[in-house]
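Letters go in sequence order (proteins before strands), and every chain restarts at 1.
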Protein chains: 2
Amino acid sequence: MDVRDQILAAATRQFAQNGFDGTTLQTISDEVGIRKPSLLYHFPSKDALRVAVHQKMLDHWNEALPRLLHAATSGEGQFDAVVSEMVAFFTRDPDRARLIVREVLDRPTEVSVLIKSHVKPWVDIVCNYIKKGQERGTIYDDVDPEAYVVQVINLVVASVATHACIGELVPAAQSGKVHRRHIDELVRVAKASLFKSVAAPAPAARARRASR
Amino acid sequence: MDVRDQILAAATRQFAQNGFDGTTLQTISDEVGIRKPSLLYHFPSKDALRVAVHQKMLDHWNEALPRLLHAATSGEGQFDAVVSEMVAFFTRDPDRARLIVREVLDRPTEVSVLIKSHVKPWVDIVCNYIKKGQERGTIYDDVDPEAYVVQVINLVVASVATHACIGELVPAAQSGKVHRRHIDELVRVAKASLFKSVAAPAPAARARRASR
DNA sequence: CCTACCGATCGGTAGG
DNA sequence: CCTACCGATCGGTAGG
């Protein structure tokens, strides 16, 4: 891996973990194994490094989103695909979620314009899908499409970002994946508040009931 | 208002807005109208000030929670009371939500032990209520009580904390309260994914449908 | 990519 | 509650 990518990786980790103001160019340089002025040769300022970190994540996101939105086409399957891929995207590297939440808190106005240009179009697509479902009668009539989508995104990102801390309230059902219960319930809440047809409980839920 | 409270108020606002590391004792002193060493007379260190800020919020919370949990006793009413009071508590001063989210990100292990001692007992109470509802048949069988409660708390706090930024994706239905749609949908999602009986749509939802 | 160095600002102290 | 001041560290530059 070339030096520039090492710097980006270290910066991403530390910005997510300790925040932008809580991170110094010194600690990033230390992690990479170079001197501070060498870092400033690759990125002209701390702020330029921050922008580069977020640009890289945005690129990842813009590449993943269209693929999954066009992958599935049938009713409930599409919804599962979108939510599952979102969860997968963030759980694969929880620092992504933490980074977003921090940026939303630190620079709300800047993130707001970025959301309107990059996220809004995708939200609208899912909204249209929900409205069609309402006309077809498969989706609850009193769902507020825009607000619903925003809440689900909010729920997924916040859930992953805070899981390391909050997740300990929900002990693992068994060894292995610690956050399966957490994520399963998230998906269940999102679906149960959207689709009229209550499908048969998922295997995980059935197993849980059996063990009580 | 005495000086100590002024310092606490200014610190709360700035910690929530710019984070702990993004706030300096100088800017807090400036807001209060005193010199930095005078601030350090009231609070021995920056960290002591942080602890005091969080202690004050925790006191508020510990005072509000038992009152509302014992206020309502009947089925769906109790749930509404708890969620509504939670939303009210945080929207009354959104900085409270931002402060919590920041602390969860900045000091996950410390917050974790605090949650286990101060929040866990209340979560257990709500969980028992959910389990009774499941036996009685009023609550969905495949709800995972602990995970559900954690997700709802997560949703409320994150929703309020990020509303200033994310909320702009959901334009106001009309003048006045900008976030009514946002909050209404939050409560709807929480309830629709819990209670089997789908009550008549709320007035707001009916009005929204009529306007389409 | 390094050494050497800079002004500014940080949290905190001395002393009144 | 103030003035005066401190060592440490910050982001960043000069120059090679």
- prompt: Rounded to whole angstrom units, what separation is found between the CD1 atom of B:I34 and the P atom of D:dC1?
  reply: 6 Å

query: Is the closest basic N to carboxylate O distance between B:D47 and B:R50 below 4.0 Å?
result: yes

- prompt: Are any side-chain N or O atoms of B:K46 and backbone N or O atoms of B:T23, one a donor and one an acceptor, separated by less than 3.5 Å?
  reply: yes

message: Need the pair for C:dT3. Rule: Watson-Crick or G-U wobble, both distances under 3.5 Å, any strand; none if unpaired.
response: D:dA14

- prompt: Do the charged groups of B:R98 and B:D95 touch, with an N to O distance under 4.0 Å?
  reply: yes

field: Positions of residues 1-10 of chain B (non-hydrogen atom under 4.0 Å from DNA chain C), listed by number
entry: none

- request: Can you check each nucleotide of nucleotides 5-16 of chain D against protein heavy atoms at under 4.0 Å and return B for base, S for sugar-phosphate only, - for none, in 5' to 3' order?
  value: -----SBBB---

- prompt: How about A:R107: does its CZ atom have over 12 heavy atoms from other parts shown lying under 6.0 Å from it?
  reply: yes

message: Check A:D106 with B:R102, please: is the shortest side-chain N to carboxylate O separation under 4.0 Å?
response: yes

- request: Determine whether more than 12 heavy atoms belonging to other residues, nucleotides or ligands lie under 6.0 Å from atom NZ of A:K120.
  value: no

message: Using only atom types and a distance under 3.5 Å, with no angle test, would you say the side chain of A:Q151 pairs donor to acceptor with the backbone of B:H182?
response: yes

- request: State, yes or no, whether a side-chain contact exists between B:I100 and B:R96 at a heavy-atom distance under 4.5 Å.
  value: no

